[in-house]
2 protein chains.
Amino acid sequence: MSTDRPRRVNIVDVARHAGVSHQTVSRVINDSPLVAAATRRKVQAAIEELGFRPNRLARALAGGTAREVTVLTTDTSLYGASETLSGIEDAARAAGHTVSVSVMNPDQPYADADVLARLPHLGSPAIVIAHDATTTRAMRALRAAQPSTTVATGGGDLADETEAADWLVALDDRAVAARATRHLLDLGHATVHYLAIPSKAPRRLGWEQALRDAGRPVPPPAACDWSTASAYHAAIGLLEDPDVTAILCGNDDLAVGAVRAAHIAGRAVPGDLSVVGFDDCPYAAFQVPALTTVGLDFRGLGRGAFELLRSKLDGAPRPRPTWRQPELIVRETSAPPRNRTE
Amino acid sequence: MSTDRPRRVNIVDVARHAGVSHQTVSRVINDSPLVAAATRRKVQAAIEELGFRPNRLARALAGGTAREVTVLTTDTSLYGASETLSGIEDAARAAGHTVSVSVMNPDQPYADADVLARLPHLGSPAIVIAHDATTTRAMRALRAAQPSTTVATGGGDLADETEAADWLVALDDRAVAARATRHLLDLGHATVHYLAIPSKAPRRLGWEQALRDAGRPVPPPAACDWSTASAYHAAIGLLEDPDVTAILCGNDDLAVGAVRAAHIAGRAVPGDLSVVGFDDCPYAAFQVPALTTVGLDFRGLGRGAFELLRSKLDGAPRPRPTWRQPELIVRETSAPPRNRTE
DNA sequence: CTGAAAGCGCTAACAA
DNA sequence: TTGTTAGCGCTTTCAG
């Protein structure tokens, strides 16, 4: 496995070229304040001229930092996860870090050791995108083993427990879920049904609470996985009951399934059935009818997760959130229920 | 930036524990054949007992391999790209490699040096998911600088030039595009219009050729970006012409835009307008009407890309393709054109 | 078949 | 403010 090793220019070459010791070069590339301005300039010129780039491996091995983050996730093709990953990568690269991805199989049981084995070594900085049981468990395992170098985003089935945790970056899913539910209630629906994505407790709880607050019946949530197909089947079941007029879905993919189910069941959307999704996927606005959904700033969340991690590594105070708050986007799949001819 | 350094067990610890030299341990973990079976067993037991895991950094620094691949892509949330990434990760992890992701901004010009700077060092194994101008250029830059450690998947705007190249893993987009076009022609459409994704020449060429072969007029392709919105606008324009009855789209996201445009323009799908997509996204089967599209094995392609890279690193012969061939999936958005009342 | 010596490129501690 | 000396954990020589 030869990886082309054409002797690269190293710190010693630079030192020689600049007429200083290699240590001084090290100080310069690490932004140490203990270097005279003139020396720094000389060294930087040499670096420039020689096209020197520090060897990450050597740096890390020598006790510095690898400047590398491992992201654990279950599904890179889920909209939320992939956008989050993108946000992490963005912030990480800006900070000179490398991001590695490790994908976990939702159907496979992982021992804690298996989770740790995903990292370069114990203590390696990690971000887990926790959105289902598998990733939530991974998050717990990592948190237990290396609390100071693990952060998470998403929330998994943590619900409130961690809202205030100093290692979690999350949007207030619960509040928007309640908001979306109220939107449907305000439209005149007697109650709202819920198609649940795996372990996204906050959304379910927000929905529940909004119904309770309004004194409405709380129907049992229908458990789906991430697939549109699962939502389709769940919705087909739900729609056997003619009283079902509104469905809140754990995400947009599920909403698409619900809309199709309505179509097959001969129910007009939004006339006979209102559907509200979550995520505002790129295609949501262009569905026929256009999906009413909740816009979520996953990319911002990802950036926030990295910044949080970095602050922990640096021992800096927790950075303030910079991501956009969730917002309900009302489009065409939600409307007042049509008056039924009894 | 402390990364918790609780002295890990290293090769010397193992050596001591097994009563051999650290060199022998090195041989064992590298599967060297020059170790006596008994010695090997002793060492392996020690490794087991001590929970030893080789330090990747040290290995790489000492001249071994970093066992790490960098994946260059522009958009982790595009279906094709994220599935491909997932496939790469899968194969890479199975082979004990780490995968790093580097996301490029399609709107930003990159000098070749900027591209190289994405890698840990010159010669680092890389896979570029080439699907637009930016990634295609990145691919060229990398290929030029480190031909033996760069492979690509997708194809970008390479068209035929590289079909046979030994560093590209691609599906026969061109053939299926032709197949999809013929499907529409066979249905009775006079011609087929094309909504183009950025630089996916093979698809466009396949479409063109099918039209030519059938002796049909070749309308100018409408250039879109990856967004559903761009397809929507392009389709709105196209539909001003009542003779447009069939549109082939560069991917499913675009197809969704075309379907919505038809809806807005008051044209029934598939009665007045047939639409065919590409990719078979998870939601495609559940659209209303369900999308006729082309199923593509991106995950298999990703795995293939990694295997190809590995074969190059090992100097092994090119592995045989294991991915599924593309297939046209006829659903509800394609049908014979309705007879127009002149 | 096994061991000993010499680094890979860098940072950490210490000394000047 | 700068330089010197030791490693980090491993692989590559080269001797046994």
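All figures in this text were calculated on a predicted structure; none of them were measured in a lab. The figures that follow rest on heavy atoms only: side chains count, while hydrogens, waters and symmetry mates do not.
Checking dT2(D), dC1(C), dG9(D) against every side-chain atom of L61(A), the shortest atom distance belongs to dG9(D). Checked against dG9(C), dT2(C), dC10(D), the side chain of N55(A) finds its nearest nucleotide in dG9(C). Across dT2(C), dC10(D), dG3(D), the shortest atom-to-atom separation from the side chain of V20(A) is found for dG3(D).
In this structure, CZ of R53(B) is placed 15 Å from C1' of dC10(D), rounded to the nearest angstrom. Straight-line distance from the CD1 atom of I47(B) to the C1' atom of dG9(D): 14 Å, rounded to whole Å. One interatomic measurement links the two molecules: CZ of R56(A) to C1' of dC8(D), which rounds to 16 Å at whole-angstrom precision. Between N10(B) atom CG and dG9(D) atom P the separation is 5 Å, expressed in whole Å. The separation between D31(B) atom CG and dC1(C) atom P is 15 Å, rounded to whole Å. Rounded to an integer number of Å, the gap from CZ of R41(A) to P of dT1(D) is 14 Å. Protein atom CZ of R67(A) is 20 Å distant from nucleotide atom P of dG9(C), rounded to whole Å. Regarding R16(A), its CZ atom lies at a distance of 14 Å from the P atom of dG3(D), rounded to whole Å.
With sequence neighbours left out, Y79(A) forms a ring pair (Phe, Tyr, Trp, His ring centres under 6.0 Å) with no residue at all.
D132(B) and T135(B) share a donor-acceptor pair across their side chains, judged by distance under 3.5 Å alone. R27(A) and S32(A) form no side-chain donor-acceptor contact under 3.5 Å, judged by distance and modelled atom types alone. Side-chain contact of E49(A) with H17(A): a donor-acceptor pair under 3.5 Å is present, judged by distance alone.
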With 3.5 Å as the limit, what N/O pairs link the protein to nucleotides 11-13 of chain D?
residue	atom	partner	partner atom	Å
dT11(D)	OP1	N30(B)	OD1	3.3
dT11(D)	OP1	N30(B)	ND2	2.7
dT11(D)	OP1	R59(B)	NE	2.9
dT11(D)	OP2	S26(B)	OG	2.6
dT11(D)	OP2	N30(B)	ND2	3.4
dT11(D)	O4	H22(B)	NE2	3.1
dT12(D)	O4	Q23(B)	NE2	2.1

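A side-chain donor-acceptor contact under 3.5 Å links R93(A) to the backbone of V103(B). Remark: side-chain polar atoms of R137(B) are not paired, donor with acceptor, to backbone N or O of P109(B) under 3.5 angstrom.
Within the 4.0 angstrom heavy-atom criterion, no nucleotide atom of any strand lies near V12(B).
Contact annotation: T24(B) does not reach the phosphate of dC1(C) (side-chain N/O to OP1 or OP2, under 4.0 Å). OP1 or OP2 of dT2(D) lies within a sub-4.0 Å distance of a side-chain N or O belonging to T39(A).
When the shell of 6.0 Å around CD of E48(B) is examined, it contains 12 or fewer heavy atoms from other residues, nucleotides or ligands.
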